[in-house]
Amino acid sequence: MKRHWWKVLGILLILYSIIFGFLGDVPKYPILHETIRVLYFHVTMWFAMIILLGTSVIYSVKLLRNENLVIDLKAKESATTGMILATAGLITGAVWAKFTWGAFWVNDAKLNGTAVTILIYLAYFVLRGSVDDSLKKARLSAVYNIFAFVMMIVFIGILPRMTDSLHPGNGGNPGFGGYDLDSNMRMVFYPAVIGWTLVGVWITNLKIRYQMLIWKKEESNA
Amino acid sequence: MLNKIKWMLGALMLFVSSTLMAQRPEVEMADVMRSNGKIYVVVVIVSIVFVVISAYLISIDRKLRKLEKDAEK
Amino acid sequence: MLLQISEIVKLNFKLEWRKRQSVLAVLLYVLTTTYLSYLVFNNTITTETWNALFWIVMVFAAIQAAFRSFQNEADRRFLLYFTLVKPQALILGKTLYNFVYLLIIGLFTFLLFNFFLGNVAKDPWAFIVLLTIGCAGFAAILTFVAGISAKAGDNPALPAILSIPLLYPQILSLSKTSVRALTGFSWSVNAPILLVLLLLALVSVLLSYMLFAYLWRD
């Protein structure tokens with residue numbers, strides 16, 4: 001149990017966010033009504049995704065110093081789980097958008113940033129698929145991962161601020177510009193982020209262990 | 001004359017401010033669901049879904065642990 | 001190191017001039033797509049569409065142009081010369097060369113668009129400045145991605161897949177700003193965007209400078 005406490009914590013935190021996400025008090029906004037609770041699931045998954053993609057980049061940096069296939073595996077699987085969370089986030093976001101704004105997709109900086117992120121990481125997997133030699137694959141994908149991640153952060157961080165300086169405000173919809181959580185929501189939101197991150201890390205961990213077992217088997221057979 | 005103007009201005013402001021009070025209507029929330037207890041059904045169902053998925057994750061974790069132990073022997 | 005960079009730039013120009021087909025091929029690509037746009041739009045083109053089309057044609061032409069950067073490197077004859085050059089000098093030289101190359105293509109595209117699709121630019125100099133900054137950013141990212149693709153084997157779609165998402169931020173800013181260049185440009189309002197574009201280009205160059213050595217290790 002000593003080694004697995006964080007997994008249990010992750011599950012408990014998400015469970016907490018489910019229960020209190022529905023039962024807790026939320027601010028009342030027009031257009032959104034109760035759907036503001038979607039923040040507890042949709043946005044928390046995005047945060048967890050960023051953390052996981054960040055982990056992937058850290059492993060990529062480690063790989064450049066020390067070309068080790070295990071580190072490459074960790075980088076790859078973190079990115080995979082990040083992409084799963086991104087897809088879940090995208091679909092939930094689209095459904096939420098359809099019900100609150102009337103369209104599945106709108107021209108908005110955050111959505112553009114999301115599309116860029118997903119396409120960048122899909123390209124990462126295509127790159128991995130095109131190279132056969134494992135060490136080369138590891139090195140090339142690490143270099144691309146670092147380059148792409150930094151560009152992605154620049155895009156997500158800087159560009160929305162820049163366009164805001166020219167176009168005053170985000171329009172009249174409180175549900176999008178207003179990610180200022182009130183204190184009630186914060187009590188559910190931040191634990192949920194931690195919970196989703198821990199579960200994401202757990203899933204990544206399971207995949208890594210699975211692949212390492214396969215490698216071990218191949219080694220002992222060969 | 002000045003008094004009349006002050007009086008009319010005061011009445012006007014009172015009138016305007018009363019219309020402003022209409023600008024915070026009650027935003028509809030799911031209070032119906034909360035009031036008849038059905039919200040708990042929603043919570044229980046989503047929690048069950050999540051617990052089942054977690055149980056699946058735990059079982060995968062256990063299987064992997066067992067395989068890892070066997071591989072070390 | 002500056003000497004190495006200028007040598008590389010000169011060398012690439014010489015090589016390109018010897019095998020003129022590739023630059024002419026890219027220019028021809030621009031010509032054919034511009035003419036295609038002309039045929040399809042049949043004089044019903046609005047300023048916004050002109051702008052959007054321009055950047056789409058430009059992006060694809062740029063990807064084609066930049067991909068060829070590292071194709072010579074696969075050639076055995078160059079292996080010796082590359083071991084003598086520091087990787088950082090190589091990437092900076094290639095990026096600079098690609099910048100000039102893309103600028104030439106960009107100006108050509110602009111001329112063609114004006115010729116076939118109408119002279120819609122109210123402030124052509126602003127547009128050209130924007131184009132120059134855009135080419136700098138494109139060159140930085142595309143040269144680096146071309147390096148990755150060259151090392152990654154022969155998948156022809158790979159450079160496009162890798163580079164287009166990385167270019168989205170720039171294309172977004174460029175197209176938004178260039179519409180204003182077409183309809184009346186104000187330097188003071190748009191200066192922040194121009195700075196951001198320059199920043200993007202700078203960050204890309206910096207990143208490629210730092211990472212290229214790892215890429216080039218064998």
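Chain A is the first sequence line, chain B the second, and so forth, proteins listed ahead of strands; every chain is numbered from 1. In what follows, every heavy atom counts, from backbone to side chain, and hydrogens, waters and symmetry copies are set aside.
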So, are B:Asp61 and A:Lys7 salt-bridged, with charged N and O less than 4.0 Å apart?
yes
Strictly below 4.0 Å, N to O, side chains only: are A:Asp72 and A:Lys62 in salt-bridge contact?
no
Under 4.5 Å from any heavy atom of chain B - which part of A:Leu213:
side chain
So which of A:Ile11, A:Val199, A:Ile19 has the largest heavy-atom pair count under 4.5 angstrom toward chain B?
A:Ile11
Under a plain distance cut-off of 3.5 Å, with no hydrogens placed, do A:Ser78 and A:Thr204 share a side-chain donor-acceptor pair?
no
Does any backbone or side-chain atom of B:Ile53 lie under 4.5 Å from a heavy atom of chain A? Answer side chain, backbone, both or neither.
neither
Should the ring pair A:Phe22 and A:Phe41 be called parallel, tilted or perpendicular, given that the plane angle runs from 0 to 90° and is split at 30 and 60?
tilted
